[in-house]
Novice: 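Quick one: this structure, given as structure tokens, is what I'll be asking you about.
Indexing begins at 1, ligand by ligand and atom by atom, following the structure's order. Along the sequence shown, the residues carry numbers beginning at 1. As a basis for the values below, the full set of heavy atoms in this structure was taken, side chains included, without hydrogen atoms, waters or symmetry mates.
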Amino acid sequence: MRTQVAIVGAGPAGLVLANVLLRAGVDIAVVERRSRAEVERRARAGLVEHRVVEYLRAHGLADRLLAEATRHGWCDFLCTGRVLRFDYGAQSGGVRHWVYPQQLLVRDLVADLRKAGHDPQFSLPATRVHVAADGSGPARVECPGLDIECDYVLGCDGPHGITPLALPPQAAPQGELDERYPYDWLTLLAEVDRGVPGVVYAVHEDGFAGVMPRTSRIARLYLEIPAGDATARWTAARVHERLRTRLAGAGAAVPRLGRIRETGVLRMRSSVRQTFQHGRLFLAGDAAHVLTPSGAKGMNLAVADAADLADALIRRYRYGDEAYLAGYTSRRLPEVLRTRDLAAGFLDLLHPQGQHPADRRAELARRLERLSELAEPGAAGAAFAHWYVGAGPDLPAPHTAAPRESTP
Ligand code: RFL
């Protein structure tokens with residue numbers, strides 16, 4: 001099979017790329033190792049940034065999200081028995097998150113793609129990618145029973161995919177680009193008697209707990225656990241008991257928690273590759289960088305990567321602009337590192353460490369001071385609010401000129 005662009009992975013990054021490129025007249029092929037039902041069921045993110053929704057809206061990809069998502073613009077910090085309300089909607093000048101579960105966005109993007117005339121090949125894993133280091137073509141993606149020859153391969157297959165294996169070893173995350181944190185998080189989906197009205201971050205002597213809105217019936221919860229701890233040790237009863245302890249005093253911000261539907265463990269690390277491209281291979285989203293969910297940024301960055309890469313490829317095909325495409329890593333890496341740093345700083349704020357209870361209490365008092373600084377209207381809160389909600393800069397606008405063929 002021959003196509004212009006082969007996309008490996010039908011998560012948010014791959015599906016946004018596929019939709020935008022297809023609408024711009026670029027020939028694509030999408031392969032995804034999971035079945036369609038599996039990708040449309042995979043619950044992960046839920047807080048969608050303002051600028052991401054604006055981008056999807058401008059490309060005609062947000063109809064259902066705009067009709068069904070709810071808006072959230074505040075979070076509560078719980079610390080030493082105090083509740084501090086951080087009204088980031090007000091502090092960012094009226095910009096709020098859109099709450100829309102990732103699996104629904106994926107479902108919509110698959111439907112949009114099919115409507116535009118492309119059916120991704122589900123249940124078809126890519127097994128190997130061939131690209132020349134000097135950028136000469138064509139590139140090739142091998143799948144069982146299918147060989148795709150193409151101009152470019154877009155690796156959107158997450159951190160455990162196969163496309164990053166085609167990068168040279170020196171591109172791997174290492175040194176300060178690969179950070180393992182001294183704790184892990186349990187990730188939970190729990191039934192609730194009403195929707196979570198805002199985000200709750202509880203900084204407690206016993207450890208961190210977080211509550212995030214998802215739907216009127218389901219909440220996403222996080223619980224700090226010791227690094228390396230096995231999920232099996234966290235029975236539903238123990239999870240409920242720890243949540244009660246850490247979230248005590250949250251008041252109406254936390255609905256009544258019912259059955260826990262899903263429990264996972266997240267080994268907390270952030271890792272960023274040294275480069276997101278090699279020859280005719282370009283990585284986007286989690287394939288290029290994985291952050292912790294502390295700032296709710298992973299999916300948002302995946303769409304921002306996809307937006308930049310789609311724009312660069314459209315310029316390449318329409319105007320023969322190789323240089324802009326070659327600048328992909330140099331445009332995306334600084335934003336990813338800035339996001340990684342802010343998310344890591346926030347994560348640190350949420351996890352006071354200390355061997356002894358007295359040390360931990362002193363750390364908690366310091367955390368309370370810093371959280372108060374964020375929550376009170378002022379420069380620190382406003383800067384954090386803008387970043388947290390994704391108030392800017394804007395992602396690339398759609399190209400309007402008619403497509404012009406230009407083969408690399
Ligand atoms: P995905 O979504 O992992 O999609 C990759 C796809 O590639 C497929 N694949 C392959 N296909 C073909 N051949 C192969 N060899 C393949 N290998 C893999 C996979 O099956 C999959 O379908 O990556 P993408 O598109 O880069 O999107 C990244 C996001 O999914 C991720 O960053 C977010 O979910 C992170 N995240 C959050 N991000 C936010 O912006 N806001 C949030 O509120 C938020 N909450 C979260 C999160 C991640 C979480 N977990 C479980 C890590 C909450 C949690 C609990």
Novice: Verify the ring-centre separation between His289 and Phe276: is it less than 6.0 angstrom?
Specialist: yes

Novice: Answer with yes or no after comparing the ring centroid distance for Tyr88 and His97 against a 6.0 Å cut-off, counting only values under it.
Specialist: yes

Novice: For the residue pair Tyr55 and His59, is the inter-centroid distance of their aromatic rings smaller than 6.0 Å?
Specialist: yes

Novice: By side chain to side chain contact (heavy atoms under 4.5 Å, CB included), which residues pair with Arg44, not counting sequence neighbours?
Specialist: Arg42, Gln102, Asp286

Novice: With sequence neighbours excluded, tell me which residues meet ring-ring contact (aromatic ring centres under 6.0 Å, His included) with His278.
Specialist: none

Novice: Starting from the N and O atoms of ligand 1, find every protein N or O within less than 3.5 Å and list the pair with its distance.
Specialist:
unit_1   : atom_1 : unit_2 : atom_2 : d
ligand 1 : 3 (O)  : Arg44  : NH1    : 3.3
ligand 1 : 11 (N) : Arg33  : N      : 3.1
ligand 1 : 13 (N) : Ala126 : N      : 2.9
ligand 1 : 15 (N) : Ala126 : O      : 3.0
ligand 1 : 17 (N) : Arg33  : NE     : 3.3
ligand 1 : 20 (O) : Glu32  : OE2    : 2.6
ligand 1 : 20 (O) : Arg34  : NH1    : 2.8
ligand 1 : 22 (O) : Glu32  : OE1    : 2.7
ligand 1 : 22 (O) : Glu32  : OE2    : 3.2
ligand 1 : 25 (O) : Pro12  : N      : 3.2
ligand 1 : 25 (O) : Ala13  : N      : 3.0
ligand 1 : 26 (O) : Asp286 : N      : 2.8
ligand 1 : 30 (O) : Arg44  : NH1    : 3.0
ligand 1 : 30 (O) : Gln102 : NE2    : 2.8
ligand 1 : 32 (O) : Asp286 : OD1    : 2.8
ligand 1 : 32 (O) : Asp286 : OD2    : 3.2
ligand 1 : 32 (O) : Gly298 : O      : 3.4
ligand 1 : 32 (O) : Met299 : N      : 3.3
ligand 1 : 34 (O) : Gln102 : OE1    : 2.8
ligand 1 : 38 (N) : Gly298 : N      : 3.3
ligand 1 : 38 (N) : Met299 : N      : 2.9
ligand 1 : 40 (O) : Ala296 : O      : 3.1
ligand 1 : 40 (O) : Gly298 : N      : 3.3
ligand 1 : 40 (O) : Met299 : N      : 2.8
ligand 1 : 40 (O) : Asn300 : N      : 3.1
ligand 1 : 40 (O) : Asn300 : ND2    : 3.0
ligand 1 : 41 (N) : Ala296 : O      : 3.2
ligand 1 : 43 (O) : Gly46  : N      : 3.3
ligand 1 : 43 (O) : Leu47  : N      : 3.4

Novice: Please list, chain by chain and in numerical order, all residues satisfying side chain to side chain contact (heavy atoms under 4.5 Å, CB included) with Asp394, sequence neighbours excluded.
Specialist: none

